[in-house]
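Scroll down for the structure; my scribbles are underneath it.
Just so it is clear, the model here is predicted, and its values are computed rather than measured.
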Amino acid sequence: MFAFLSDYETLRLTWWLLLGVLLIGFAVTDGFDLGVGALLPFVARTDVERRVAIHTVSATWEGNQVWLVLAGGAIFAAWPALYALSFSGFYLAMFLALVALILRPVAFKYRSKNESAAWRSAWDWALFVGGAVPALIFGVAVGNVLQGVPFHFTDDLRPIYGGTLFGLLNPLALLCGLLSVAMLVAHGAAWLTRKAEGPVAVRARAAGSRAALATAALFALGGVLIWAGAFGGYRVVTPLPGDGASNPLTKEVVAEAGAWLANFRAQPVLALVPLIGVMAPLLAAAGFRAGRAGLTLLASTLGIACIIATVGLAMFPVILPSSTHPGHALTVFDASSSRATLRNMLIATVVFLPLILAYTAWVYRVLRGKVSERDITAPGSPAY
């Protein structure tokens with residue numbers, strides 16, 4: 001155990017895996033919250049129906065959002081250069097996502113303060129923005145990461161970002177943004193199908209089926225375009241010592257079409273991950289049509305996990321490529337924090353992450369069951 005905690009290469013790989021777990025955890029748990037918000041004006045037509053949809057997520061969204069905080073904290077502590085570049089380079093985009101996320105608790109709080117139809121409709125559209133906009137922005141960010149971000153380091157390792165907000169809106173990034181929206185809308189619909197009763201669940205099944213098919217099609221399209229060389233990738237040419245010092249200026253990286261497929265060619269078994277990323281949404285679409293709520297939610301969850309994992313496996317060991325200075329790209333092995341920092345964080349994670357998972361499981365067990373219009377209109381029910 002102590003030898004494991006002192007091996008720098010193993011610590012770096014472990015934190016790369018943990019970062020993936022945290023991002024998947026956020027997308028799976030808070031993803032259905034975002035999806036429900038994006039679907040709200042379309043699957044719920046009356047005030048009572050919209051209250052049903054809101055009640056399916058109102059008790060758990062705060063806990064689900066903790067995964068985003070954990071992922072941001074992990075990036076800050078384990079990959080400080082990645083944190084500095086991504087959160088400063090994508091500052092305006094992240095600010096828009098943050099504003100949209102803030103709208104959600106505000107809408108939950110103020111929607112019930114006035115019974116006016118116009119007042120409640122305005123907050124319902126605020127919940128839509130709070131769901132759709134972050135989903136779009138997170139996908140656009142991933143698309144830009146795949147293409148490379150315009151940054152470089154000075155000789156004293158000071159990061160310089162050279163991009164603009166509108167530079168983020170390019171074809172691959174928009175494709176990834178649409179994929180993200182479709183994926184989370186399908187996930188939100190799967191959650192509504194599982195948790196809601198009545199017309200809300202019926203409409204969610206129809207919307208979710210279409211969104212799941214769109215997810216599979218967009219993900220497959222992105223893979224075909226990368227395979228065809230329409231979008232390039234990055235390959236590390238020089239060996240990366242797993243236990244070397246963190247300095248992103250000591251290697252050579254080349255931009256090369258098809259580079260993001262190299263890991264799958266080297267280890268063909270890894271191709272199962274993107275394959276499941278296509279098949280799981282198709283299974284979810286079939287689940288929607290068959291009325292199998294549990295299977296649908298499970299398939300949607302598996303699809304999200306594999307789609308996100310595909311990105312990580314394709315890019316490894318790169319975590320943030322530079323489109324202007326490829327040799328300055330950040331990798332798992334040259335952009336991490338110190339050995340002691342990674343070790344101490346891992347010890348804390350081993351202690352506290354199981355507690356978080358156990359508490360989350362307990363909360364969902366306590367809150368199991370469906371939400372019906374009868375529950376919403378019963379005396380003493382929460383307003384929302």
Going by the rule side chain to side chain contact (heavy atoms under 4.5 Å, CB included), which residues pair with [X] if we only count those two or more places apart in sequence or in a different chain?
X      : value
Leu218 : Leu175, Leu178, Leu179, Ala182
Ala141 : Phe90
Tyr359 : Trp362, Val363
Arg194 : Ala293, Leu297

Distance-only donor-acceptor hits, side chain of residues 143-150, under 3.5 Å, sequence neighbours excluded:
unit_1: Asn144; atom_1: OD1; unit_2: Asn170; atom_2: ND2; d: 3.0
unit_1: Asn144; atom_1: ND2; unit_2: Val140; atom_2: O; d: 2.9
unit_1: Asn144; atom_1: ND2; unit_2: Leu168; atom_2: O; d: 2.9
unit_1: Gln147; atom_1: NE2; unit_2: Asn170; atom_2: OD1; d: 2.3

Distance-only donor-acceptor hits, side chain of residues 270-280, under 3.5 Å, sequence neighbours excluded:
none

Taking side chain to side chain donor-acceptor pair (under 3.5 Å) as the test, write out the residues that go with Ser337, two or more places apart.
none
Do Ser336 and Arg12 have side-chain N/O donor and acceptor atoms under 3.5 Å apart?
yes
Side chains of Asn114 and Ser116, donor plus acceptor under 3.5 Å
no
Tell me whether Ser322 contacts the main-chain N or O of Phe151 through its side chain, where contact means a donor paired with an acceptor under 3.5 Å.
yes
Tell me whether Leu192 is reachable from Tyr364 by hopping between hydrophobic residues (I, L, V, M, F, W, Y) whose side-chain heavy atoms are closer than 4.5 Å.
yes
His187 and ring pair (Phe, Tyr, Trp, His ring centres under 6.0 Å): which partner among Phe32, Phe26, Phe288?
Phe32
All pairs passing side-chain hydrogen bond (donor to acceptor under 3.5 Å, both in side chains) where residues 278-291 contributes a residue, at least two apart:
Ser209-Arg289
Pairs flagged by side-chain hydrogen bond (donor to acceptor under 3.5 Å, both in side chains) wherever residues 19-33 is involved - sequence neighbours left out
Asp30-Arg104, Asp33-Asn64
Does the ring center of Phe108 lie less than 6.0 Å from the ring center of Trp123?
no
Pairs where residues 207-229 contributes a residue and the test salt bridge (Lys or Arg N to Asp or Glu O under 4.0 Å) is met, not counting sequence neighbours
none
Which pairs count as salt bridge (Lys or Arg N to Asp or Glu O under 4.0 Å) when at least one residue sits in residues 228-257, sequence neighbours excluded?
Arg235-Glu256, Lys251-Asp334
Quick check on side-chain contact (heavy atoms from CB on, under 4.5 Å): which of His328, His152, His325 does Ile160 satisfy it with?
His152
Taking distance alone, no hydrogens or angles, what donor-acceptor pairs closer than 3.5 Å link side-chain atoms of residues 15-22 to residues at least two apart or in another chain?
unit_1: Trp15; atom_1: NE1; unit_2: Leu342; atom_2: O; d: 3.1

